[in-house]
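In what follows, chains are A, B, ... by sequence order, proteins preceding strands, each numbered from 1. Just so you know, these numbers use all the heavy atoms, side chains as well, and skip hydrogens, waters and symmetry mates.
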Amino acid sequence: MSNERYNSRTSEPHWQKVWAENRTFAASEDTSKPKYYVLEMFPYPSGRIHMGHVRNYTMGDVLARYKRAMGFNVLHPMGWDAFGMPAENAAMERNVHPKSWTYENIETMRRQLKSMGLSLDWEREFATCDSEYYRHEQEMFIDFLEAGLAERKTSVVNWDPVDQTVLANEQVIDGRGWRSGAAVEQRELAQWFLKITDYSQELLDALDTLDGWPEKVRLMQRNWIGRSEGLRFRFELEDEDGNLLDDKLTVYTTRHDTIFGATFCALSPDHPMVRGMADQDGAISAFRAECAALGTSEEAIERAEKKGIPLGLYARHPYRQGVRVPVYAANFVLMGYGEGAIFGCPGHDQRDFDFARKYGLDVIPVVAPADADPATFEIADEAYLDKDGAGVVMINSDFLNGMTVDDAKQEIADRMEAAGTGERRVNFRLRDWGVSRQRYWGCPIPVIHCADCGAVPVPKQDLPVTLPEDVSFTEPGNPLNRHPHWKHVACPSCGKPAIRETDTFDTFIDSAWYFARFCSPRAAAPVDADAVAYWMPVDQYIGGIEHAILHLLYARFYTRAMHKTGHGTIDEPFASLFTQGMVIHETYRAEDGEWVEPANAEQVEGAWREIGTGRPLTAGPAEKMSKSKRNVVDPEQILEQYGADTARWFMLSDTPPERDIEWTEGGVEGAWRFTQRIWRLVNDTTQLELTGDTAPSEMSGEVVAVRRATHQTLHTVSQDIEALRFNRAIARIYELSNVLNTAVQKAKGDDAMAWAVREGVVVMVQIFAPMMPHLAEECWKLLGYESLIAQTPWPQADAALLTTDSVTIAVQVNGKRRDEISLPKGTAKEEIEASVLQLDNVLRAVGDKSIRKVIVVPDRIVNVVAG
RNA sequence: GCGGGCGUGGUGGAACUGGUAGACACGCAGGAUUUAGGUUCCUGUGGCUUACGCCGUGGGGGUUCAAGUCCCUCCGCCCGCACCA
């Protein structure tokens, strides 16, 4: 008998080697089996894996192993989202090349992931920075260009004058570059855009078909796309003296019902009309500069006062003869939405109200509660908002008076369209996707700029355009731009000297199609049609909620763009999406604000202190693991100390997968103890003497109970894994192991019990195999099997054991539980009632009251109503 | 401001269509084994009460024979978006 502990350190590498040598998880198209594509969001090779990876990949692996056992042909690949800024930062800080830094990180992280025992098809691995990958991105971009899905236009970017680089909004902190600290300028640059807005409506509509997605994510995307129905119309303009001007002012509104409440118009500081006037007028020019300096951070917007500058223009009210309203440039009007110009109705819009109060403009109420007196209804301290229009009517609005808000909108839209001064219009918040980045470590944009021919795509036979490796990061700016010869090439069209595009693609492009590439990672074309047709869409995609909008929306768009250009036939890449929670850990702080590692905190007489120094500490909440808060736990250390199975088991236990899980030492210890308990149980089981393989003919109630527990657990665990309720599955497995632990003590010399215990243990090992695959293989071998459990079909529950012959029925008197009674399943109502009314506890509770009614829910509960 | 989610023991969390609240785990307490243990095993563990029993799913109200679950209302926490006309 083996009393030795289960040793994960020798067992885990052993089985990992066996799986690799057997190519156990290599996938290939097999039309005789249903396919299942499970994918976790691939990692950025930042250096080492973190606990979030452990959680994410464990969940996906459980599903992959389960589906494989269920008879599916499973694709479960892994790769690297390998382009991006951290590599350039490392290059600048540590004088390493982004390429070697990235590939070295990949080496490390691949080794770490392999030590987790994930059932991945490593033969399909690639990194997005492999030219073999990004060459296809370049090819598809050229196809997109031809299909009109890509275009070049100018746009305003955050420019860091010291680092000479474009900054993303989140890299601008209080108007300064995060690295250089220099004041950020707004610059106009010509950039490439992918025309995601061509698909605004489609991307919105298709959300309704994505039943396997969390409602939350669908909602976030809906809001991001931001569809609104409104009216675009034109005001006639006049100057100070009332002379009609040639130019008209086009505005967009969703509240055209409030047109009689209009008391001013406002243009974005970036509106072409304002720009034109700024050239002549220093005050307007200064106002524009002031607005540009204000920044776009949320906080800045929060604090910013509504401000404007009169332009000396007036808009003629379309329906009030002789009335004109002043036109301003105003800081709260965005150029990027609608027409970049609005009419202001202070009575019914808070921003307009604030603006009107500041500049002494009229406030005319035009919508009022139905029961208010139109003559006296006034707007006092804030705008009167009533967006759904219920219970309100139009007032002070001439021909609209008495109408509902909706009817008033219809009326105005009809009149404007009839008069040719406006038209109904659907607007989206979604903007085209700017994909140019002035950076080195990304996919080169395959375009050559020629003075004569313009932007010319690189001919496909010249692809890939690879990154030059002899670059330096000692100076600011894009190394591609200052490389001695890389960008100087001949124009593919006319042959004259031309300049290669030195921008690279946004790395979101890399991740917008990698899932398709996994289907045929070595294909000469971006994708192999048959492979993609077989594997796509991804059946279950798993990743963090932080990608709810950008990555997932880009991937949805890109899949459509690939479809349009002949690189696929589907539109929606992810049939089901699961967003898992973060891994959090407790935090501790000293009085001076310094964070202290949780491992160095101890509690002495109720107070927290730092071990060693004795400094008093304050225990903070559990928060996302981060270096700055010093609460990071390194997975590699955990994997070494406890083994992969323990780490995996812990990650799946106790907390529902969509919620944040708190890392606790105690929890890991508990998981580790369980692996040892299992090992002992399986060892004890192998010591039992079995008379045969077939079920014994005679079985006591106790034995049947063990078998019931086995088959019921099998049944519910299958359902729980299917629904990704791993924490529940694990609770059931604990229950079964407790039953079997008790039963194995009684099984010596009891043939039937021994048989039932062995059956239970075999099933138990099979159902925890997706979670703790190494331990499962080891147990499987110990139980005498020669095959791999990873290739063993999922067991089938015996339906006869899922139902019971007798049931325990709770007995209530007036809704309070007084007793319970065990009866054969399916006992008739009358019979149940008769039995219940004889129970002492019932009689006592009823006392001298009379029984009014007896509610009987067969096989469940009885409620005696007395009073 | 707009949109969404969540409040259950000391802790993480169970509870299918309303039907025995607290499964399972952590922690804690007591006991046993061991040369020692941070090992293993057993027992107990929502609160109040000597007991019978009563009270308990954020607070209040309602529907129902029966409410963690459904409805109304209030409070608290979390997340997303945000000058989008």
Base-pairing assignment for [N] (Watson-Crick or G-U wobble, both under 3.5 Å):
| N | value |
| --- | --- |
| B:rU35 | none |
| B:rA67 | none |
| B:rG80 | B:rC2 |
| B:rG12 | B:rC24 |
| B:rA29 | B:rU43 |
| B:rG7 | B:rC75 |

Under 4.0 Å, counting only non-hydrogen atoms across every strand here, what does [X] touch: a base, just sugar-phosphate, or nothing?
| X | result |
| --- | --- |
| A:Arg431 | base |
| A:Glu735 | sugar-phosphate |
| A:Val333 | base |
| A:Lys307 | nothing |
| A:Asn727 | sugar-phosphate |
| A:Asp349 | nothing |
| A:Leu334 | base |
| A:Thr254 | sugar-phosphate |
| A:Arg818 | sugar-phosphate |
| A:Thr808 | base |
| A:Val865 | sugar-phosphate |
| A:Gln350 | nothing |
| A:Tyr734 | sugar-phosphate |

Between [X] and [Y], does the ring centre distance come in under 6.0 Å?
| X | Y | answer |
| --- | --- | --- |
| A:His317 | A:Phe260 | yes |
| A:Trp213 | A:Phe578 | no |
| A:Phe355 | A:Phe332 | yes |

Does the base of B:rC16 carry an N or O that pairs as donor and acceptor with the side chain of A:Arg860 under 3.5 Å? yes
One pair to check against ring pair (Phe, Tyr, Trp, His ring centres under 6.0 Å): A:Tyr359 and A:Phe264. What are the steps and the verdict? CA-CA 10 Å; A:Tyr359 293 102; A:Phe264 68 96; 8.8 Å; no
Distance check needed: [N] [atom2] versus [X] [atom1], whole Å only.
| X | N | atom1 | atom2 | value |
| --- | --- | --- | --- | --- |
| A:Phe650 | B:rU11 | CZ | C1' | 12 Å |
| A:Ile661 | B:rG13 | CD1 | C1' | 11 Å |
| A:Ile855 | B:rU20 | CD1 | C1' | 17 Å |
| A:Ile545 | B:rG80 | CD1 | C1' | 8 Å |
| A:Arg725 | B:rA14 | CZ | C1' | 12 Å |
| A:Asp354 | B:rG1 | CG | P | 14 Å |
| A:Asn863 | B:rG19 | CG | C1' | 9 Å |
| A:Lys829 | B:rG19 | NZ | C1' | 13 Å |

Could you tell me whether A:Lys358 atom NZ has more than 12 heavy atoms of other residues or ligands within 6.0 Å of it? yes
A:Arg222, CZ: over 12 other non-hydrogen atoms inside 6.0 angstrom: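 Check passes, neighbour count above 12.
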[atom1] atom, [N] versus [M]: distance in rounded Å?
| N | M | atom1 | value |
| --- | --- | --- | --- |
| B:rU11 | B:rU17 | P | 26 Å |
| B:rG80 | B:rG13 | C1' | 25 Å |
| B:rG68 | B:rA23 | C1' | 15 Å |
| B:rA14 | B:rU63 | C1' | 27 Å |
| B:rC42 | B:rU35 | C1' | 23 Å |
| B:rA21 | B:rG76 | C1' | 23 Å |
| B:rG4 | B:rA82 | C1' | 14 Å |
| B:rU69 | B:rU64 | P | 16 Å |

Can you label the angle between the [X] ring and the [Y] ring as parallel, tilted or perpendicular, going by 30° and 60°?
| X | Y | result |
| --- | --- | --- |
| A:Tyr6 | A:Trp679 | tilted |
| A:Phe343 | A:Phe233 | tilted |
| A:Tyr252 | A:Tyr337 | perpendicular |

Nearest to the side chain of [X], heavy atoms from C-beta on, is which of [options]?
| X | options | result |
| --- | --- | --- |
| A:Leu219 | B:rG12, B:rU20, B:rG3 | B:rG3 |
| A:Trp224 | B:rC81, B:rC24, B:rC84 | B:rC81 |
| A:Asn738 | B:rA25, B:rA85, B:rA14 | B:rA25 |
| A:Ala731 | B:rU20, B:rA85, B:rC24 | B:rC24 |
| A:Met220 | B:rA82, B:rG80, B:rG13 | B:rG80 |
| A:Tyr337 | B:rA85, B:rG13, B:rG3 | B:rA85 |

For [N], does either OP1 or OP2 sit under 4.0 Å from a side-chain N or O belonging to [X]?
| X | N | result |
| --- | --- | --- |
| A:Lys216 | B:rG4 | no |
| A:Tyr252 | B:rA85 | no |
| A:Lys816 | B:rC55 | yes |
| A:Arg673 | B:rC26 | yes |
| A:Arg659 | B:rG5 | no |

So, is B:rG62 syn or anti if syn means the angle is within 90° of 0? anti
Report the residue (A:Phe332 or A:Asn814) whose heavy-atom-nearest nucleotide on RNA chain B is the more 5′ of the two.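 So the residue in question is A:Asn814.
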Nearest-nucleotide 5' precedence on RNA chain B, A:Ser228 against A:Thr742: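 The residue closer to the strand's 5' end, by nearest nucleotide, is A:Thr742.
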Has A:Thr587 got a side-chain atom pairing as donor or acceptor with A:Pro621's backbone, closer than 3.5 angstrom? yes
